[in-house]
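In what follows, a single structure is set out as structure tokens and then discussed.
Throughout, a chain's letter reflects where its sequence line sits, starting with A, and its residues are numbered from 1.
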Protein chains: 2
Amino acid sequence: MKPRETPIGLLLAQTAKVVGQAFDDTLAAAGGSTSTWLVLLALMRGSHRTQRDLAAEVGVRGPTLTHHLNGMEQAGLLTRARRPDNRREHEVALTDGGRALFHRLRSAAAAHDVRLRQVFDPHELETLRALLGRMAQTVRPPASAGRGLEEA
Amino acid sequence: MKPRETPIGLLLAQTAKVVGQAFDDTLAAAGGSTSTWLVLLALMRGSHRTQRDLAAEVGVRGPTLTHHLNGMEQAGLLTRARRPDNRREHEVALTDGGRALFHRLRSAAAAHDVRLRQVFDPHELETLRALLGRMAQTVRPPASAGRGLEEA
DNA sequence: TATTGTTATACTCTATAACTATA
DNA sequence: TATAGTTATAGAGTATAACAATA
């Protein structure tokens, strides 16, 4: 009876749990959270127009984004206003406070990343990136790849 | 201006999110969930005596474990009874239904793992294991390692 | 008193369904 | 009607504080 290796999926899940928790803690200490960080990051990138785009970028559904935006707006991090040219669409704009938090969280996230990187040499880091990238694509084929799993 | 690489922490978080979601879906399709799976796994391992041990093994606090055990007991997956020798401690025992679900989820998890493994050769898999292991230890030093970060 | 576990309560993140406002 | 976003509601997972039971 060979001593079964931990399934790679379980190992990844466990790793993600502790690493993710550590990341949460880091951001919390800087006055934020992972979801706030992801929203701020997407807003700063600016590669969106509608909240739908934004939600997709953050990786959540519309109501979930609305939920986060509500909290962030109340915290004075951003404002929402209907676009004059198409009043269905809402323009989400960061306030100075929002930008300030972004920078603080970015520093915290960067410091966290430095810690993570410290145990890897550049080659390992690249290897890890590549492997994680392939793993992600394994479970989530890049959008327009066709499903072809159950439909054969 | 170099086009900043995605921080490794963020990449790991994103990967974990999609891979974890896929794993959840897999288990849900088999009639379970990740937390149920982790509890079943720990129970089958049997390397615990008290619920405290069990909670630690699963990676949650006491009340969270109680919460899950409540649901699983109601679902007929397990029973709880005070130990005669020390009535403070509760013996958690899987029912036939619990064991059946364990096997079903194990199959589902195994199938999921096969999919994940398909994109890696054995060497890559070993590399990935090693890198993930070191990453986990970076943020969560193995228990009795001493903290020595803020206390220098 | 110390240990084991539960109850009460609450928070975060997420989602679906139904709704409003606009086009 | 179709699209953008919000509201209402719910559920899963987690936690802390206070409690009960047992030793």
task: Classify the side-chain pair B:E57/B:S47 by whether it contains a donor and acceptor separated by less than 3.5 Å.
output: yes
- prompt: Hydrophobic cluster mates of B:L94, side-chain heavy atoms under 4.5 angstrom, ILVMFWY only, any path?
  reply: A:L10, B:F23, B:L27, B:W37, B:L38, B:V39, B:L40, B:L41, B:L43, B:M44, B:L54, B:V58, B:V60, B:L65, B:L69, B:M72, B:L77, B:L78, B:V92, B:L101, B:F102, B:L105
task: List the steps, then state whether side chain to side chain donor-acceptor pair (under 3.5 Å) holds for B:R49 with B:N86.
output: CA-CA 11 Å; B:R49 194 188 76 247; B:N86 183 342; over 6 Å; no
- prompt: Across the strands shown, which category fits B:S33 at heavy-atom distances under 4.0 angstrom: base, sugar-phosphate, nothing?
  reply: sugar-phosphate
message: For chain A and DNA chain C, what are the first and last nucleotides along the strand, 5' to 3', with at least one atom under 4.0 angstrom from a heavy atom of the protein chain?
response: C:dC13 to C:dA23
query: For A:L54 and D:dA4, what is the distance between atoms CG and P respectively, to the nearest whole Å?
result: 14 Å
message: Both A:T50 and A:K17 contact DNA chain D. Taking the nearest nucleotide for each, which residue is further toward the 5' end?
response: A:T50
Expected output: side-chain A:D113 to main-chain B:I8 donor-acceptor under 3.5 Å: yes
- line: Taken to the nearest whole Å, CD/A:E89 to P/D:dT6 is 12 Å
statement: Looking only at D:dT7, D:dT14, D:dA23, the nucleotide nearest the A:T66 side chain is D:dT7
statement: Sorted by position of nearest nucleotide on DNA chain C, 5' first, the leading residue of A:G59 and A:D85 is A:G59
message: Pairing donors with acceptors under 3.5 angstrom, does anything connect the side chains of A:Q21 and A:D25?
response: yes
message: Let's see if you can work this out: which of D:dT6, D:dT22, D:dG13 has an atom nearest to the side-chain heavy atoms of B:R87?
response: D:dT22
query: Which whole-number value in Å describes the distance from B:R83 CZ to D:dA23 C1'?
result: 15 Å
field: Within one Ile-Leu-Val-Met-Phe-Trp-Tyr cluster: B:V114 and B:L116, side-chain cutoff 4.5 Å
entry: no
- request: Check the distance between D:dG11's C1' and B:H68's NE2 and give it to me in whole angstrom.
  value: 13 Å
- request: Assign each of A:H67 and A:P84 to its nearest nucleotide of DNA chain C by heavy atoms, then name whichever residue's nucleotide is nearer the 5' end.
  value: A:H67
message: Quick check on D:dA15: is either OP1 or OP2 less than 4.0 Å from any side-chain nitrogen or oxygen of B:T64?
response: yes
